[in-house]
Visitor: 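Please read through the structure below; I'll follow up with questions.
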Amino acid sequence: MLLPPPPHVRELLARAGQPEVLRFWEQLSAEERRLLEAAVKQLEPGVLRAHCQEAAMARHREQQPAPNTHRHMKPLPGEVTGSSARTEPQSLRGWRERGFHEISENRVAVLLLAGGQGTRLGVPYPKGMYDVGLPSGKTLYQIQAERIRKVQQLAEERLGKKCVVPWYIMTSEFTLEPTRKFFAQHNYFDLVKSNIVMFEQQMLPAVDFNGKIILEQKGKIAMAPDGNGGLYRALTNNRILEDMDRRGIRFVHVYCVDNILVKMADPVFIGFCVEKGADCGAKVVEKAYPTEPVGVVCLVDGIYQVVEYSEVSQETVEQRNPDGRLTFNAGNICNHFFTVDFLKSVTEEFEPQLKRHIAVKKIPYVDEQGNTVRPEVPNGIKMEKFVFDVFQFSKKFVVFEVLREDEFSPLKNADSAGSKDTPSTARRALLWQHYRWAVQAGAHFLDSNNMRIPHLTRLQEAEEPPAVCEISALVSCEGEGLEEYLKDREFHSPLLLTEEALTALGQCQ
Ligand code: UTP
């Protein structure tokens, strides 16, 4: 006998203005019905109605001409900015010391944003599990784990105290289970399991341009994570700030999963922010060229925010200072410093004010005959919050500029999609960096005829370094400590510098 939908499910969806979600109910198996009912029960009708209406309206607004944000834009004032390249070595040393001090006092945590679906890269597993083709075969997760181990070890050596940098990992329904399994299979990359805290962000239904929920299967609502700014809601839902308090954490370094050059708990950045008394900070890189499509950190009507490239006029984009640098050049790389107190103020007070951004996407759906359709053009909307939209709530905001070649190479697209932010560009960025470290430490590379390969500085991202050299993060985080082993020595390419290789080099000195 065919059972009608349970009244409470029907009623909930009617109140949310979404009765069509049940249109295939009679064709569903008992298990599919159970799953759909469970999914619907998680939704709050009032919130759902508002979400769907807002998505449709946002789409409408998006089609209107963009506001002239650039008219009110002001560049960052000098007093809130610092730079790794244009600062006296003495100040850099001071910030580094301060950062290591905080780390050694167990006051610093790292927080990874890993809830994204990675649709552009297009692999059926979390991006952190991606291997970009390094000689070691290491994945992004492994590289990050080893950098945490190394920074703990360096802090310990400097200050003579054992310390822990806990690793908070925000995942979503898409990434939690595979990430958990992957970490367990790899023995947590030799970190202590209890110092890795995975938590899940919220999912929201995807809707069509009329604000109607999209079904991806007859009995399955298309859901998407609520953007990396879903962090703040997720911190509350999962009581993460309480966990931080229990551990005595005061400072959090937040970063994205896809930047292969990311520094973990970067002591210089943390030291800079702490010394400046900041509650919120952003790392930026100089824009590569005026029309580079990255958001810039700046002031708009006196409020710190990230302005997207599309919101700025050509004239503003090309504006330059007397020294020739672009006026709006602070490219946002989604790498932030927050005090735990600031995160508390956001989660307790400001989170509901965060702007919702509209992402127009191609979302697979079932047609009226119940067939799955993979659309060729965008057909739906996902609503997202952005992690950086909290700058406006900061009482003391700072910005720290770093060199792109040292700290930023994101993995966004598949190699087949072109030449920007791909596995190849990420792999090359890391290999160039390690090649530079090795050469600076005095190494020479030999070709197959035992002839020295002339040193090169980096030419273009598209080019491979003259020799392949990969240095384990367990050996060196920033190129430090290599000279003792590499100076005036010759190596064949490829060189894979692991801890074992380093020990062997030490022995044959
Ligand atoms: P992106 O905006 O590049 O999105 O995320 P993505 O999901 O990785 O890739 P596409 O757009 O689908 O191709 C920047 C960072 O924010 C995280 C991602 O995991 C990445 O570290 N993120 C994004 C979340 O944690 N949650 C989200 O809902 C979205």
Side-chain angles (χ1 to χ4, degrees), residues 51 55 110-130 132 139-141 143-144 167-179 182 197-206 222-235 237-238 240 252-262 264 282-283 293-295 306 308-310 331-336 338 351 354-364 378 380-390 407-418 420-423 425-426:
H51 164 74
V110 287
L111 193 154
L112 164 61
L113 301 169
Q117 289 173 281
T119 44
R120 285 169 286 173
L121 185 62
V123 289
Y125 51 81
K127 235 190 231 186
M129 288 164 53
Y130 198 85
V132 299
T139 59
L140 296 176
Y141 281 150
I143 293 171
Q144 292 166 23
W167 193 5
Y168 293 90
I169 305 182
M170 182 173 83
T171 58
S172 64
E173 195 180 294
F174 296 106
T175 56
L176 180 60
E177 273 321 306
T179 298
F182 192 70
V197 181
M198 294 187 195
F199 60 102
E200 208 175 324
Q201 71 178 105
Q202 202 191 30
M203 304 282 284
L204 292 172
M223 301 285 281
D226 58 349
N228 55 26
L231 169 67
Y232 307 105
R233 177 73 66 89
L235 289 176
N237 292 350
N238 299 283
I240 297 300
V252 187
H253 188 185
V254 173
Y255 70 100
C256 289
V257 70
D258 48 26
N259 177 12
I260 197 167
L261 299 183
V262 68
M264 312 289 301
K283 245 189 206 191
V294 295
V306 175
E308 294 301 334
Y309 162 73
S310 54
N332 180 45
I333 58 170
C334 201
N335 188 310
H336 308 305
F338 299 122
E351 197 281 335
L354 284 185
K355 186 173 168 194
R356 275 155 253 260
H357 299 260
I358 166 170
V360 177
K361 302 257 178 177
K362 296 180 215 163
I363 302 168
I381 298 165
K382 294 177 178 177
M383 294 293 275
E384 296 189 335
K385 292 181 180 171
F386 291 163
V387 69
F388 54 71
D389 275 340
V390 296
E407 303 208 25
F408 186 56
S409 178
L411 171 62
K412 299 284 184 197
N413 304 307
D415 271 321
S416 57
K420 193 166 157 41
D421 302 340
T422 62
T425 59

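Hydrogens, waters and symmetry mates play no part in the numbers below; they use all other heavy atoms, side chains included. Fair warning: this is a prediction, and the values are worked out from it, not measured in the lab. Just follow the structure's listing: the first ligand is 1, and inside any ligand the first atom is 1.
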Visitor: Using non-hydrogen atoms of the residue, decide whether Gly227 is closer than 4.0 angstrom to ligand 1.
Guide: yes
Visitor: When the ring planes of Phe386 and His357 are compared, do they come out parallel, tilted or perpendicular, using 30° and 60° as the limits?
Guide: parallel
Visitor: Any side-chain donor paired with an acceptor under 3.5 Å for Gln201 and Asp226?
Guide: yes
Visitor: How far is atom 23 (C) of ligand 1 from its nearest protein heavy atom, and which residue and atom is that?
Guide: Gly116 CA, 3.6 Å
Visitor: So, does Gly118 sit close enough to ligand 1 that a heavy atom of it is under 4.0 Å from the ligand?
Guide: yes
Visitor: Do Pro225 and Glu173 have side-chain heavy atoms sitting under 4.5 Å apart?
Guide: no
Visitor: Gly230 near ligand 1, heavy-atom distance under 4.0 Å?
Guide: no
Visitor: Could you tell me whether Arg356 and Glu384 make a salt bridge, using a distance below 4.0 angstrom between a side-chain N and a carboxylate O?
Guide: no
Visitor: Does the N or O separation between Leu121 and ligand 1 drop below 3.5 Å for any pair?
Guide: no
Visitor: Atom 5 (O) of ligand 1: which protein heavy atom is closest, and how many Å away?
Guide: Lys412 NZ, 4.2 Å
Visitor: N/O to N/O below 3.5 Å, does that happen between Lys127 and ligand 1?
Guide: yes
Visitor: Would you call Lys355 and Asp389 a salt bridge, using N to O less than 4.0 angstrom?
Guide: no
Visitor: Which ligand 1 atoms does Met170 reach within 4.0 Å, using its non-hydrogen atoms?
Guide: 25 (O)
